[in-house]
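Okay, structure first, notes after.
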Amino acid sequence: MSSSDTILHSEEKITAGPGVAKVKSAGFVGGLILLLAMTGWGFAVGDGMQRFFHGYLVAFTYFNSIALGALFFVLIMHLMGAKWSVNMRRIAEILTQTFPLLALLSVVIWLPMLLGNDNLYIWSSEKFMSENHLVHAKGAYLNPVFFAARQIIYYVLWIGLSRYFYRTSVKQDEGGDDDATRRMAKWAAPAMFGFAFSCAFFAFDMLMSIDPEWFSTMFGVVYFAGCCISIFALMALIPLALQRSGRLVHSITVEHYHDIGKLLFAFVFFWGYVAFSQFMLIWGANIPEETGYFWKRWFESEGVMGIWGKVTLVMLVMHFLIPFVLLMSRHSKRKLQVLAAFSIWMLAWHYLDLYWQVMPALNNHHTFGLAERSATGSYIPMDLGLWVGMGLLFMGYAAGKFRNVNLIPIKDPGLKQSLKFENQ
Amino acid sequence: MSSAETSAEALEAREYFKGISDSVCGIVEAEKAPKIWLPAFAAAVGLTGVLVVSLYILLTEGTGIWGNNNTEAWAWPIVNFVFWVGIGHAGTLISAVLFLMRQKWRTSINRAAEAMTIFAVICAGLFPVIHTGRPWLAYWLLPIPNDMAIWPQFRSPLAWDVFAVSTYMTVSILFWYMGLVPDFATLRDRTKSKLKHTIYGILSLGWRGSARQWHRYERAYLIMAALATPLVFSVHSVVSFDFAVGQLPGWHTTIFPPYFVAGAIFSGFAMVLTLLVPARAIFNMKHIITDQHVENMCKVILATGSMVGFAYGTEFFIAWYSGNMYEGFTFLNRMFGPFAWAYWTMITCNVLIPQFFWFKKIRTSPFIIVGLCILVNVGMWFERFVIIVTSLTRSFMPGSWHYFSPTMYDASIFIGSFGLFFTLFLLFLRFMPMIAMFEVKGASPHAHAGVKHH
């Protein structure tokens, strides 16, 4: 036994149990069934496919934000030389291994578009482009081929980065190569540049271009804030789940959760800051091509607040004010049930945030209300079904990555400090 | 642990603590300042004189002596205002944000950086006040109840600025003074002069250093840090709103708030390094402000400089993507128009220059660091110049396009404000503890000797 093995508690279980195999198969089966059912529903009714694609986009950008958040977690911790989080870093590294699944899921967005389906992005419709001069001017950027090419570039980059950091770290477990830590810190720096631009442009492409007249330089930053909220929520929940099943019980303490809670709090604040700034500046300047975005997300008709206005206010309270006030206290971050509850809370409202960004764009295709019904009833279960279905699939895929790997970087030179970490 | 070991450790710790007090208090207690201090002070006072004379001429002649014109109503005074407010941000970031993040390396630099914040805000405040043209009516900026029921325009970010900057000033002074209290007490207890004893005694507010005082002090300090943290974001965000709420191409863009904050921290750290790298050499503080501290600050500059670069890139892309011809024109005009020289100076200094800090060799060469940091400050001044001047000189109506040329008084007031800044900073270095002694001691391993976790 080498010296670094002994820093962990002698009875510590550092590999996932047989439960993950069950999660994996259940997730895959449940997820695929749900997704296929929703696809069937979409095909079966009139405008169903339009709704399907929008719901799919919400779910897809949601789970992509988790993986991007995990990549950011890995990069920033290396870049800062953070020691406190070393014991949790492997979990984030494992989560970044979901990019291949997400790459596959992204095909559903761009492949139909390449084949001439314009149900999602109105700019992919030739008729719309020929009638709309303003958007037509962006045609060099907003066209299906370039869009697909960009998606492929993003995923090549993200899969490449996440593999490098994951494999180098896992390899360190065997050899205890201290130099690997230095190499990863070094590569984290250029990787961060790649991350920043790809994350912002992914958000521009996937979410901002849904309303193609609209533009906002802050948009990428708002999506980034969402990525951070979802990862810090999960970095509380996943370790808690692992510890419940008897893993890492001695290696992750309330001190680590406390810091994760602080980061969750910080990004709740940051999200409020950037989302409000974006709104306030556009509202204040009141330029038609910009305010249209918020108009759709507030009014039903001239001067009458609609359902989306209410959703906006719900988000202000639920996504920002309540967690901001209640997570401020040291006690709520150190009381693990409370932290877990807020993590779940934030993951839920993060979904609503993306839902609020995407769904009103259905108006580009036909007049749309949230309560829109088809022959088969409300569409909302379809949106939620896509979210849950993709969530199960994501969970199953991620669970598979938790097998056959140490859940903690046992030979990382910073681990000793991490285990001893205490807030003062 | 044996008692012999404990006492040896305690002895070593006492020596270390005394060493810190001796080196920091030594500067204040010394009969004579280091040789270079007096000429530097004389030069700074001379420049302040330039400021005073220029202000006198300004007040007697009016703002017509500036290069401002109808097209270019804001020009240098607002450029200088934003520049100086930005400089101040490093101090608050170091003292509040890094405190909340438990970054102990901050302890050796926070005092000087906080002082710099206050002096920079003083310089910043000067400009909008004189820019009003009738500074004796500057109190109209405040919502003071009056007979004619005239109020500031609360919907304007310019009015928010008044609140943001004055709050910032107040909190910065309180925070700074609070940190000074225990150190004033140290000076009081060391001095042999009766007069100084009284002065430091009053300033230290009866500090005795009892456990109860320390306990309350640390709680209060934490609360102050938590209150000051939003200020790091809010002040420069509100400054950015001054521009971004408008509709002028090049001003109206949503990324401004975080981008201005990053830029402010960027320029502030560059100023901290410009001042502290020479100061630590002159006052022999290299054992307290170590090479590691300097390196860390270089890394902060690199990180924030890159964020600023990211914002430039995003703005540029969206200017095209927006399909707005005015927006697109503004950016091309910045690059290739009459002020292209200013634009490329900005890009070089703010985006390219900080990239040198990737190299450890550069992060450890004091002369190069100071040189690069001065260039960063030049770049950040030009950033505000580019934003304000290029957008205004060529806005919507070509009929009102106008080239902008500053006058001698634009320059003399700006240069003079450096005189004011340096005068204050040099006085601070000489008469106040430039390093937070008690915090350095508290963060040292000696303070935790004997407390071992098993």
Side-chain angles (χ1 to χ4, degrees), chain A residues 76 79-81 84 132-142 186 189-190 192-193 196-197 200-201 204 208-209 212-222 224-225 259 262-263 266 269-270 273-287 289-290 328 330 420 422-424, chain B residues 97 100-104 155-157 218 222 226 229-230 233-234 237-238 240-241 243-249 251-261 296 299 302-303 306-307 309-328 358 442-443 448 453-454:
Chain A
I76 194 78
L79 200 53
M80 297 279 163
W84 68 271
N132 190 315
H133 175 70
L134 184 64
V135 181
H136 186 76
K138 309 176 188 186
Y141 188 79
L142 295 181
K186 191 172 139 195
M192 193 56 106
F193 278 85
F197 280 99
F201 276 81
F204 293 156
M208 196 170 84
S209 80
E213 290 96 356
W214 189 67
F215 53 89
S216 166
T217 41
M218 185 76 106
F219 196 83
V221 185
V222 179
F224 165 72
D259 263 19
K262 289 179 201 168
L263 285 164
F269 175 75
F270 185 72
Y273 165 60
V274 292
F276 174 75
S277 297
Q278 173 173 275
F279 164 74
M280 199 279 292
L281 292 174
I282 287 173
W283 170 79
N286 204 9
I287 299 173
E289 65 260 35
E290 286 184 3
M328 202 183 294
R330 176 185 173 91
K420 285 199 307 191
E422 270 181 53
N423 281 288
Q424 288 138 1
Chain B
V97 178
L100 289 185
M101 292 185 177
R102 307 289 192 270
Q103 295 294 310
K104 289 186 179 144
R155 279 180 294 184
S156 163
E218 290 191 351
L222 180 68
T229 296
F233 294 90
S234 69
S237 295
V238 171
S240 82
F241 291 164
F243 305 99
V245 152
Q247 297 174 340
L248 195 70
W251 285 15
H252 176 65
T253 181
T254 48
I255 206 170
F256 257 29
Y259 146 48
F260 266 51
V261 172
N296 284 355
K299 287 179 187 170
L302 174 58
S306 302
M307 287 180 205
F310 172 79
Y312 291 162
T314 309
E315 266 193 308
F316 188 66
F317 169 72
I318 296 288
W320 172 81
Y321 177 89
S322 70
N324 180 327
M325 61 186 266
Y326 299 104
E327 198 74 33
W358 284 112
H448 303 280
H453 300 283
H454 292 279

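Chain A is the first sequence line, chain B the second, and so forth, proteins listed ahead of strands; every chain is numbered from 1.
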ask   = For Val238(B), is it the side chain, the backbone, both, or neither that has a heavy atom closer than 4.5 Å to a heavy atom of chain A?
value = neither

So which part of [X] gets closer than 4.5 Å to some heavy atom of chain B, the side chain, the backbone, both or neither?
| X | answer |
| --- | --- |
| Ala266(A) | neither |
| Leu142(A) | side chain |
| Trp283(A) | neither |
| Ala196(A) | both |
| Phe270(A) | neither |
| Phe279(A) | neither |

query = With a 3.5 Å cut-off and no angle check, do the side chains of Thr314(B) and Thr217(A) form a donor-acceptor pair?
reply = no

task = Verify the distance criterion only: is there a donor paired with an acceptor across the side chains of Tyr273(A) and Ser234(B) at less than 3.5 Å?
result = no

key: Flag if over 12 foreign heavy atoms under 6.0 Å of CE, Met101(B)   = no

inquiry  = For Phe316(B), I'd like to know if atom CZ has over 12 heavy atoms of other residues, nucleotides or ligands within 6.0 Å.
reply    = no

Do [X] and [Y] come close enough that some side-chain heavy atom pair is under 4.5 Å?
| X | Y | answer |
| --- | --- | --- |
| Leu281(A) | Pro257(B) | yes |
| Met280(A) | Phe241(B) | yes |
| Phe317(B) | Tyr141(A) | yes |

inquiry  = Phe204(A) vs Ile318(B), test: side chain to side chain contact (heavy atoms under 4.5 Å, CB included). Steps then yes/no.
reply    = CA-CA 10 Å; Phe204(A) 293 156; Ile318(B) 296 288; 4.1 Å; yes

message = Taking salt bridge (charged side-chain N to carboxylate O under 4.0 Å, His left out) as the definition, give me every residue that meets it alongside Lys138(A), ordered by chain and number, with sequence neighbours left out.
response = none

key: Expected output: side-chain Gln247(B) to main-chain Ala285(A) donor-acceptor under 3.5 Å   = yes

request  = Identify which of Pro258(B), Ala226(B), Gly323(B), Ala319(B) forms the greatest number of heavy-atom pairs closer than 4.5 Å to chain A.
outcome  = Pro258(B)

ask   = In terms of heavy-atom pairs under 4.5 Å with chain A, which of Ser237(B), Ala311(B), Pro157(B), Pro230(B) leads?
value = Ser237(B)

note = For Phe215(A), the ring pair (Phe, Tyr, Trp, His ring centres under 6.0 Å) test, sequence neighbours excluded, returns none

remark   = One should read off an interatomic distance between Glu290(A) CD and Thr253(B) OG1, to the nearest 0.5 angstrom, of 8.0 Å

message = So, taking the atom named OH in Tyr321(B) and the one named OG in Ser216(A), what distance separates them when rounded to the nearest 0.5 Å?
response = 11.0 Å

